[in-house]
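Side chains are part of it too, since the values below use all heavy atoms of this structure and drop only hydrogens, waters and symmetry mates. Counting starts at 1 for both ligands and their atoms, in listed order.
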Amino acid sequence: MKTIKTQVGIIGAGPAGLTLANWLKQQGISSVIIEHRSQEYVQARVRAGLLEQNTVDILKNLGLADRLVKEGQEHHGVYLNFDGKRIRVPFGKLTNGRNITIYGQQEVVKDLTEAWVNGGETLLFEAPALELDGLETSSPKIHFEHEGEKGIIECDFIAACDGFHGLGRKSMPKDAYKEYTITYPFSWLGILAHVAPSSEELIYAYHERGFALHSLRSEKVSRLYIQVDNDDHVDNWTDEQIWEELSIRLGTEGWKLNSGPIFEKSITPMRSYFIDNMQHGRLFLAGDAAHIVPPTGGKGLNLAVADVKHLVDGFTDFYKNNSMKALDNYSEIALKRIWRAQDFSNFMTTLFHKQYEHGSFQYQLQKAKFDYISLSEAYATTLAENYVGLPFEAFG
Ligand code: FAD
Ligand code: DHB
């Protein structure tokens, strides 16, 4: 039986767990991470790519953004399409110079893992957390398995950064929280392709055949998505069909979509989910463990990093001042931004997806919103400030 003692036991080596560990280290607080999957699996998992200004600033302040600054692409605006009409929302003027950066989630995960492991810290891969106990005491424990051996992490706090299907939320008593959820009647088919992006900025498009998004990863790699039915499967789509559909849905006069070899295809279901309490005793949840947003607007990863900021504030207060006050306020503070992001992600999702008959009343409402963005600087500002992410001070 392996026993590890640390101050904060972290479950999950996704963006939330890795950011937390590296940040706590900078504050002189020790932690250990255990991750269910292998390093290869975690680092090959293709997910988000849009980093808010807050996230980039945090990684820079931690000294962990060298490659992000070199390889990430800062964007100063976003294109929006509706029925083939394209408008641009510029960020600079509307958000006091705040921007977004495109840099793949798995690159963030690689950078943070490397910094942690090269700094001599402990991160056990293929080490699932099996059970948590002592959550209501000052010495909670994580029971885990690694290389066929059982182990225990003895710590002061447990941070469950273990994603939507993790153990953390399941270990809270059912009456400790209320859960809220929306399941959408569509999914995203996402691709990565070896082809130069067809636009220097992202394009979100409503089309009567369904939503499409043009994003990118580098000068040579494009990332694109189309709305599909929930029961669809990647095998139902040839590469030609995907390019054809993207070209129709993203199309606007005088613009051409580049196509090239597709090297990754996957389908992601869409849901909005959150719980109204992210703490039970000495257990704290962060990131997807506590909330999911539909990906339209790219908030998932950024919310995970924002949770971590509040957790670090709480742990720092505890170890400096021996006070649980900030930690006990964690849910309340984090939930302000979570609600905002839930609303924005739902707004972007319902604005750009095909859910209602073309020409119907609901469709006209979607179109009215789009038209309003193009004619009102106030409305465009609302979209822009949510898209680049509100500063921490905005929530008090
Ligand atoms: P995760 O990244 O899920 O990390 C949790 C980690 O915990 C995982 O590595 C998991 O293996 C580990 N774990 C789970 N259980 C245990 C256990 N018992 N013991 C030990 N470890 C455990 N967001 C966007 O903004 N845009 C997108 O395009 C987008 N696409 C997505 C596609 C998919 C398929 C998914 C699932 C999510 C997507 N997201 C997207 C959301 C975004 O990627 C997440 O919000 C982000 O990964 C949250 O980070 P996290 O650290 O909270 O959770
Ligand atoms: C990406 C994903 C999103 O969900 C989004 O809104 C913008 C960009 C991306 O993967 O690049």
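Ring to ring, Tyr356 and Tyr363 are not that close: their centroids are 6.0 angstrom or more apart. Aromatic rings from Tyr225 and His214 are positioned such that their centres are separated by 6.0 Å or more. Taking the six-membered ring for Trp and the full ring otherwise, Tyr206 and Phe211 have centroids separated by 6.0 Å or more. Ring to ring, His194 and Phe263 are close: their centroids are under 6.0 angstrom apart.
Counting only heavy atoms of the protein, atom 4 (O) of ligand 1 lies nearest to Gly14 CA, 3.5 Å. Among protein heavy atoms, the minimum distance from atom 10 (C) of ligand 1 is reached at Glu35 OE2, 3.5 Å. If you check which protein heavy atom lies closest to atom 19 (N) of ligand 1, you get Ala129 N, 2.9 Å. Scanning all protein heavy atoms for the shortest distance to atom 42 (C) of ligand 1 gives Gln105 OE1, 3.6 Å. Protein heavy atom nearest atom 3 (O) of ligand 1, with residue, atom name and distance: Arg47 NH1, 3.0 Å. Summary of contacts: the protein heavy atom closest to atom 22 (C) of ligand 1 is His36 CB, 3.5 Å.
Of the N or O atoms in Arg45, one or more lie within a sub-3.5 Å distance of an N or O in ligand 1. In terms of polar-atom proximity, defined here as any N/O pair under 3.5 Å, Leu213 makes no such contact with ligand 2. Between Ala16 and ligand 1, a contact under 3.5 Å exists for at least one N or O pair. At least one N or O atom of Tyr204 sits closer than 3.5 Å to an N or O atom of ligand 2. Ligand 2 has no N or O atom lying under 3.5 Å from any N or O atom of Ile102, backbone or side chain. Between Trp188 and ligand 2, no N or O atom pair is found at a separation short of 3.5 Å. Of the N or O atoms in Thr296, none lie within a sub-3.5 Å distance of an N or O in ligand 2.
Salt bridge status for Asp162 with Arg169: absent, with no side-chain N to carboxylate O gap under 4.0 Å. Salt bridge annotation for Glu149-Lys2: absent, with no cationic side-chain nitrogen under 4.0 angstrom from a carboxylate oxygen. A salt bridge does not link Glu154 with Lys141: every distance from a Lys NZ or Arg NE/NH1/NH2 to an Asp or Glu carboxylate oxygen is 4.0 Å or more. Salt bridge Glu121/Lys25: present, at least one basic N to carboxylate O contact under 4.0 Å. The existence of a salt bridge linking Arg37 and Glu126 is excluded, since no basic side-chain nitrogen approaches an acidic carboxylate oxygen closer than 4.0 Å. Using a 4.0 Å cut-off between a side-chain N of Lys or Arg and a carboxylate O of Asp or Glu, Asp343 and Arg340 qualify as a salt bridge. Salt-bridge check for Arg209 with Glu245: passed, with a basic side-chain N closer than 4.0 Å to an acidic carboxylate O.
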Task: ring-ring contact (aromatic ring centres under 6.0 Å, His included) assessment of Tyr273 paired with Phe164 - done: CA-CA 9 Å; Tyr273 174 90; Phe164 185 67; 5.1 Å; yes
- [ ] Would you please test Phe157 and Phe315 for ring-ring contact (aromatic ring centres under 6.0 Å, His included) and show each step?
- [x] CA-CA 9 Å; Phe157 297 97; Phe315 288 137; 5.0 Å; yes
Task: Test log, rule side-chain contact (heavy atoms from CB on, under 4.5 Å), inputs Ile102 and Arg217 - done: CA-CA 7 Å; Ile102 296 294; Arg217 286 292 177 272; 4.0 Å; yes
Task: Phe392 and Arg337: CA distance, side-chain angles, deciding distance, side-chain contact (heavy atoms from CB on, under 4.5 Å) verdict - done: CA-CA 9 Å; Phe392 285 104; Arg337 175 181 295 275; 3.6 Å; yes
Open item on the list: Before you tell me yes or no, could you show the steps for Thr6 and Ser30 under side-chain hydrogen bond (donor to acceptor under 3.5 Å, both in side chains), namely the whole-Å CA-CA distance, both residues' side-chain angles and the distance that decides it to 0.1 Å?
Closed with: CA-CA 6 Å; Thr6 190; Ser30 70; 3.2 Å; yes
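When each atom of ligand 1 is checked for a heavy atom of Gly300 under 4.0 Å away, the hits are 25 (O), 45 (O). Atoms of ligand 1 found under 4.0 Å from any heavy atom of Cys161, numbered from 1 in the order shown, are 5 (C), 6 (C), 7 (O). Set against the non-hydrogen atoms of Arg37, the atoms of ligand 1 under 4.0 Å away are 11 (O). Counting the atoms of ligand 2 from 1 in the order shown, those under 4.0 Å from a heavy atom of Leu50 are 7 (C). For ligand 1 and Gly166, the ligand atoms under 4.0 Å from any heavy atom of the residue are 15 (N). The atoms of ligand 2 that sit less than 4.0 Å from any heavy atom of Leu202 are 7 (C), 8 (C). Of all atoms in ligand 1, listed by their number and element, those nearer than 4.0 Å to a heavy atom of Lys299 are 25 (O). Close approach of ligand 1 to Ile34 is summarised as follows: ligand atoms under 4.0 Å from at least one heavy atom of the residue are 20 (C), 21 (N). Applying the 4.0 Å criterion to heavy atoms of Gly163 picks out, from ligand 1, the atoms 3 (O), 5 (C), 53 (O). Of all atoms in ligand 1, numbered sequentially from 1 with element shown, those under 4.0 Å from a heavy atom of Gly298 are 25 (O).
When the heavy-atom distances from atom 4 (O) of ligand 2 to Pro295, Ala48, Pro294, Gly297 are ranked, the shortest goes to Pro295. Of the candidates Ala48, Gly287, Pro15, the one placing a heavy atom closest to atom 49 (O) of ligand 1 is Pro15. Considering only non-hydrogen atoms, atom 52 (O) of ligand 1 lies nearest to Asp288 out of Val305, Ile292, Asp288.
Ile267 places none of its side-chain heavy atoms less than 4.5 Å from the side chain of Trp188.
Neither the backbone nor the side chain of Ala289 has a heavy atom within less than 4.0 Å of ligand 1. When non-hydrogen atoms are compared, ligand 1 lies under 4.0 Å from neither the backbone nor the side chain of Leu303. If you look at Asp162 next to ligand 1, the close heavy atoms, those under 4.0 Å, come from the backbone and the side chain alike. Under 4.0 Å from ligand 1, the heavy atoms of Tyr225 that appear belong solely to its side chain.
For atom 39 (N) of ligand 1, the nearest protein heavy atom is 4.0 Å or more away.
Side chain of Asn22 to main chain of Leu112: a donor-acceptor pair is present (N/O by atom type, distance under 3.5 Å, no hydrogens or angles).
Not close to ligand 2: Gln105, with no non-hydrogen atom less than 4.0 angstrom away. For Leu301, the heavy-atom gap to ligand 1 drops under 4.0 angstrom.
Atom CG in Leu285 sits 9.0 Å away from atom CG in Leu311 (nearest 0.5 Å).
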